[in-house]
2 protein chains.
Amino acid sequence: MAGAKKSDSASQAPASDLEAYKVDQQIGFFLRQANQRHVAIFSALMGDRLTTTQWAALTKLREIQPTSQNQLGRDTAMDVATIKGVVDRLVARGYVATAPDPQDGRRLILSLTGEGEAAIARNIKTAIAVTDDTLSPLTSGERMMLIELLRKIC
Amino acid sequence: MAGAKKSDSASQAPASDLEAYKVDQQIGFFLRQANQRHVAIFSALMGDRLTTTQWAALTKLREIQPTSQNQLGRDTAMDVATIKGVVDRLVARGYVATAPDPQDGRRLILSLTGEGEAAIARNIKTAIAVTDDTLSPLTSGERMMLIELLRKIC
DNA sequence: TGATATTCATTCGTATACAAACGATATGCG
DNA sequence: CGCATATCGTTTGTATACGAATGAATATCA
């Protein structure tokens, strides 16, 4: 009975765990830091004060427009509250237009404006450069491997 | 002069780029999503309403205490403004104690309280489980590979 | 049809995340 | 010593990020 592998479920922890655990070697720490570096590269290169999420919303909207706000959020992995803020700012800039859905009174139909299209065209090469810069420490094979591993844990 | 590889610097983009570019296949999108999933797993498993950054600050402080607020921020990859908010909330909970540095009037010395130590001990096993859950879709070899690739792009 | 459930968008509250500006304090060097 | 520089912590403003609650509109199904 004594010396079992797990003590009283989650009440106490053996000193070994305390000693061995290092936050900065956990996957979560690396994911957070890697994302931070990517966002920093994006901010440094991208023009028009566009953020990563704004860019994601813009380019995804280009693919699937016209669509509803929540649908755009789902396709860009954003919460309903988050996508609303992003869309609001894009609308305020004149990049996105909104209209009520005649078929569904709940929906808010989104579409790109000419300015929105132009903003994408103006920055598309930079966006590609951001991806390339972020992956620059890796070989071509490593890049594919990283993408594949990240895809698996998403 | 006409037909150069890059048109007027950053003004226009070829249609090929516009067609080929998919946000949800870029490294930034995967990093953001993978981090989101990790945070979701952390929130679901971890007790005491601890966030990922609060946990990082607590456990790192345990390693290097006593230390200054900005130093803790550097060691946990947090901005000075960010670490301040995190520390403030940990202090409000009684997990962290602050004291002025007798040697340096600018510094705020941080250390763990007994409650802070207890919170770590109480949740350390869960933290390990969070890492394991996040990496559960991967084999042991893939996990090491992912960590290594992320380390390279940090 | 009518009650129930679902979806959509909004709002509120909390928590990162970071740029920028600020005052206070230390440190460096001539 | 005195000044330029750097560091520390704080504050403000903007932008994600998400849980939770809400009201309006739609869908489902007994």
Side-chain angles (χ1 to χ4, degrees), chain A residues 28-29 31-44 46 48-58 66-93 96 98-110, chain B residues 28-29 31-44 46 48-58 66-93 96 98-110:
Chain A
F29 198 85
L31 287 174
R32 179 166 144 271
Q33 266 212 273
N35 191 49
Q36 278 180 357
R37 176 168 165 274
H38 171 262
V39 171
I41 292 173
F42 186 99
S43 303
M46 187 65 57
D48 297 336
R49 299 252 218 79
L50 284 167
T51 65
T52 57
T53 46
Q54 287 170 5
W55 177 255
L58 269 185
T67 190
S68 72
Q69 183 173 281
N70 278 11
Q71 185 59 48
L72 181 59
R74 267 179 242 116
D75 285 9
T76 52
M78 291 184 217
D79 193 64
V80 288
T82 302
I83 191 65
K84 175 179 173 33
V86 173
V87 166
D88 281 354
R89 286 180 281 274
L90 291 175
V91 168
R93 289 213 208 171
V96 169
T98 65
D101 186 336
Q103 267 73 47
D104 190 334
R106 300 167 301 179
R107 283 199 170 90
L108 189 66
I109 300 295
L110 307 182
Chain B
F29 198 86
L31 287 174
R32 180 167 143 271
Q33 266 212 274
N35 191 50
Q36 278 180 359
R37 176 168 165 274
H38 171 261
V39 171
I41 291 173
F42 186 99
S43 303
M46 187 65 57
D48 297 337
R49 298 252 219 81
L50 284 167
T51 65
T52 56
T53 46
Q54 287 169 5
W55 178 254
L58 269 185
T67 190
S68 72
Q69 183 174 281
N70 279 10
Q71 185 60 48
L72 182 59
R74 268 178 241 116
D75 285 9
T76 52
M78 290 183 217
D79 194 63
V80 287
T82 302
I83 191 65
K84 176 179 174 32
V86 173
V87 166
D88 281 354
R89 284 180 281 274
L90 290 175
V91 168
R93 289 213 208 172
V96 169
T98 65
D101 186 337
Q103 268 73 49
D104 190 334
R106 300 167 302 178
R107 282 199 170 89
L108 191 64
I109 302 293
L110 306 182

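Just so it is clear: chains get the letters A, B, ... in the order the sequence lines come, proteins before strands, and each one is counted from 1. Values in this document were obtained by computation on a predicted structure and should not be read as measured data.
Two residues, Asp88(B) and Arg93(A), neighbour DNA chain D, and the one matched to the more 5' nucleotide by heavy-atom proximity is Asp88(B). Comparing Pro102(A) and Thr53(A) by the nucleotide of DNA chain D whose heavy atom lies nearest to each, the residue mapping closer to the 5' end is Thr53(A). Position along DNA chain C of the nearest nucleotide to Ala81(B) versus Val86(B) favours Val86(B) as the more 5'-ward residue. Residue-to-nucleotide proximity on DNA chain C shows that, of Asp79(A) and Thr52(B), the 5′-proximal contact is made by Asp79(A).
Nearest heavy atom pair, residue Leu31(A) against residue His38(B), reads CD1-CB, 4.1 Å. Taking both residues in full, the closest heavy atoms of Ser68(B) and Arg107(B) are given as CB-CD, 3.8 Å, listed atom of the first, atom of the second, then distance.
Rounded to whole angstrom, the span from the CG atom of Asn70(B) across to the P atom of dG9(D) amounts to 4 Å. Rounded to whole angstrom, the span from the CE atom of Met78(A) across to the C1' atom of dC18(D) amounts to 13 Å. Distance Gln103(A) CD to dA27(D) P: 10 Å, rounded to the nearest Å. Between the CZ atom of Phe29(B) and the P atom of dT16(D) there is a distance of 14 Å, given to the nearest Å. For Arg106(B) and dT27(C), the CZ to P distance is 6 Å, given to the nearest whole Å. Rounded to whole Å, the distance from CD on Gln69(B) to P on dG9(D) is 6 Å. Spacing between atom NZ of Lys84(A) and atom P of dA15(D) amounts to 14 Å, rounded to whole angstrom units. Asp104(B) places its CG atom 17 Å from the P atom of dA6(D), with the value rounded to the nearest Å.
In this model, the phosphate group of dC8(C) is approached by a side-chain N or O of Arg74(A) to a distance below 4.0 Å at OP1 or OP2.
Looking at Gln36(B) and Asp79(A), their side chains never come closer than 4.5 Å, going by heavy atoms from C-beta outward. With a 4.5 Å cut-off on side-chain heavy atoms, Leu50(A) and Arg93(A) count as touching.
Contact annotation for Thr51(B): backbone-only contact, meaning every heavy-atom pair under 4.0 Å involves sugar-phosphate atoms and none involves a base. Contacts of Val39(B) with the nucleic acid, taken as non-hydrogen atoms under 4.0 Å apart, are absent. If you check every strand for non-hydrogen atoms under 4.0 Å, Gly85(B) touches nothing. Contacts of Arg49(A) with the nucleic acid, taken as non-hydrogen atoms under 4.0 Å apart, are absent. Within 4.0 Å of Ser68(B), counting heavy atoms only, lie sugar-phosphate atoms of the nucleic acid but no base atom.
Among Val96(B), Leu90(B), Ile83(B), the single residue meeting the side-chain contact (heavy atoms from CB on, under 4.5 Å) criterion with Leu110(B) is Val96(B).
For Arg107(B), whose side chain is taken as the heavy atoms from C-beta onward, the closest listed nucleotide among dC8(D), dT11(C), dT10(D) is dC8(D).
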